[in-house]
Protein chains: 2
Amino acid sequence: MRKAHHPATEDVALPEIMGALSDPLRIGLVRVLADGGERGWGELRVPVAKSTLSHHVRVLRDAGVIRTRQEGTRCFVRLRREDLELRFPGLIEAVLAAAHTDGVGNGIGLVPGA
Amino acid sequence: MRKAHHPATEDVALPEIMGALSDPLRIGLVRVLADGGERGWGELRVPVAKSTLSHHVRVLRDAGVIRTRQEGTRCFVRLRREDLELRFPGLIEAVLAAAHTDGVGNGIGLVPGA
DNA sequence: TTCGATGTTCGTTGAACATCGAACAAGCTA
DNA sequence: TAGCTTGTTCGATGTTCAACGAACATCGAA
């Protein structure tokens, strides 16, 4: 578990953000984190192998969409909402609204007892 | 020049839109069309081969971002702004604003005498 | 009808991506 | 220390994507 790299707010780039949000699974993850709360990696319920989830989390992190935090062996995830709002006003809100009305990422959620 | 397929407004999907707008060249094209006007294919000045431009135009069209119209051998392009606004309110505006402040797609423009 | 202009399509190539299982690293816990 | 838990990384596979030049199709003009 090497220390993860998070781009600075000013280094977040639009094409990368758009690319990161072009996958239904990743959109679903962002929706799960939309309330601003921090979630445990293990809480995330996703219909793919854990290595695949790790990959998607990394894509979102590298693009600057989410932030991950290590605590012991556990990993916590949260949406970089303020940063994104500063950088690209209205964008994340519009995407979340669109995803909601369209049901994109509905298959993604939290484990039952979370 | 087979007749091009344009998705109906209700069939436009968020991930496809996001994917279509994840490429700087395509973002640049959208910016060129942002004033709502119709532009001739040949007016577009893009630093790629025409076959590559054709590819990008097709990606945008298939995603529902732009509409193309045939007139003789010429092709005219315009942004489907109203449709997008109906489908995903605020999204295209936010992307255009972000692209503008970031200078994404600045290399794309119109031929000098257009 | 022949020629030129305008895009589209084809075939190819190298890069990027999504996915999986296996192996690994790091930190708790017994 | 030994073992368990939690994610990450690796290696492999198949798919998609951006890019190019060449060939093609279509229409207007000569």
Side-chain angles (χ1 to χ4, degrees), chain A residues 1-6 13 15-29 38-63 65-78 104-105 107-108 110-111 113-114, chain B residues 1-6 13 15-29 38-63 65-78 104-105 107-108 110-111 113-114:
Chain A
M1 287 163 185
R2 208 164 300 162
K3 68 181 171 194
H5 170 67
H6 293 87
E16 278 68 25
I17 291 282
M18 301 299 283
L21 297 178
S22 69
D23 185 289
L25 192 149
R26 291 195 290 258
I27 293 177
L29 287 177
E38 191 173 57
R39 296 296 181 175
W41 203 99
E43 282 183 73
L44 306 171
R45 205 199 38 214
V46 178
V48 293
K50 62 177 183 171
S51 56
T52 303
L53 173 57
S54 187
H55 161 67
H56 285 297
V57 167
R58 188 225 245 272
V59 170
L60 288 171
R61 189 201 320 114
D62 289 352
V65 178
I66 66 177
R67 190 178 291 283
T68 61
R69 180 175 66 84
Q70 218 67 33
E71 189 173 304
T73 70
R74 296 212 201 141
C75 182
F76 294 90
V77 191
R78 74 162 59 214
V104 179
I108 316 302
L110 298 173
V111 294
Chain B
M1 289 162 185
R2 208 164 301 162
K3 69 180 172 193
H5 171 67
H6 293 86
E16 277 68 25
I17 292 281
M18 301 299 284
L21 298 179
S22 69
D23 185 289
L25 192 149
R26 291 194 291 258
I27 293 177
L29 288 177
E38 191 173 56
R39 296 295 181 178
W41 204 98
E43 281 184 74
L44 307 172
R45 203 198 41 214
V46 178
V48 294
K50 62 177 185 170
S51 58
T52 304
L53 173 56
S54 187
H55 160 68
H56 285 296
V57 167
R58 189 228 244 270
V59 170
L60 287 171
R61 191 206 314 117
D62 288 353
V65 179
I66 66 177
R67 190 178 290 285
T68 60
R69 181 174 64 84
Q70 218 66 32
E71 188 173 304
T73 69
R74 296 214 201 140
C75 183
F76 294 90
V77 190
R78 74 162 57 214
V104 179
I108 315 303
L110 298 172
V111 294

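Throughout, a chain's letter reflects where its sequence line sits, starting with A, and its residues are numbered from 1.
Pairing of D:dC24, defined by two Watson-Crick or G-U wobble distances under 3.5 Å, is identified with C:dG7.
For C:dC20, one of the phosphate oxygens OP1 or OP2 lies less than 4.0 angstrom from a side-chain nitrogen or oxygen of A:Thr52. Put simply, B:Ser54 has a side-chain N or O that comes within less than 4.0 Å of OP1 or OP2 on C:dT8.
Distance CD1 (A:Ile66) to P (D:dG7): 13 Å, rounded to an integer number of Å. The nearest whole Å value for the distance from the CD atom in B:Gln70 to the P atom in C:dG7 is 8 Å. Atom CG in A:Leu21 sits roughly 12 Å away from atom P in C:dA18 (whole-Å rounding). Whole-Å rounding puts the B:Arg74 CZ to C:dA5 C1' distance at 9 Å. Distance B:Arg58 CZ to C:dT6 C1': 18 Å, rounded to the nearest Å. Rounded to an integer number of Å, the gap from NE2 of A:His5 to P of D:dT8 is 16 Å. For the pair B:Arg39 CZ and C:dG7 P, the interatomic distance rounds to 14 Å; values are reported in whole Å. Between the NE2 atom of A:His56 and the P atom of C:dT19 there is a distance of 4 Å, given to the nearest Å.
Set against C:dA18, D:dA22, C:dG7, the side chain of B:Trp41 has C:dG7 as its closest nucleotide. Side-chain proximity of A:Thr73 to the nucleotides C:dG27, C:dT6, D:dC20 is greatest for C:dG27. Of the candidate nucleotides C:dG7, D:dA19, D:dC10, D:dC10 has the atom lying nearest to any side-chain atom of A:Ser51. For A:Val48, counting side-chain heavy atoms from C-beta on, the closest listed nucleotide (C:dT19, D:dG21, D:dA18) is C:dT19.
Along DNA chain D, the nucleotide nearest B:Ala49 and the nucleotide nearest A:His55 are compared for position; the residue whose nucleotide lies closer to the 5' end is A:His55. Across the interface with DNA chain C, nearest-nucleotide mapping of A:Arg26 and A:Glu71 shows A:Arg26 to be the residue nearer the 5′ end.
Atom CZ of B:Arg58 has 12 or fewer neighbouring heavy atoms from other residues, nucleotides or ligands inside a 6.0 Å radius.
Here the CG-CD distance, from B:Leu21 to B:Glu16, works out to 11.5 Å after rounding to the nearest 0.5 Å.
Taking every heavy atom of both residues into account, B:Gly28 and B:Ile108 meet most closely at CA-CG1, 3.7 Å. The minimum heavy-atom distance linking B:Met18 with A:Ser22 is given by the pair CB-CA, 3.8 Å.
A donor-acceptor pair under 3.5 Å links the side-chain atoms of B:Arg26 to the main chain of B:Gly19, judged by distance alone.
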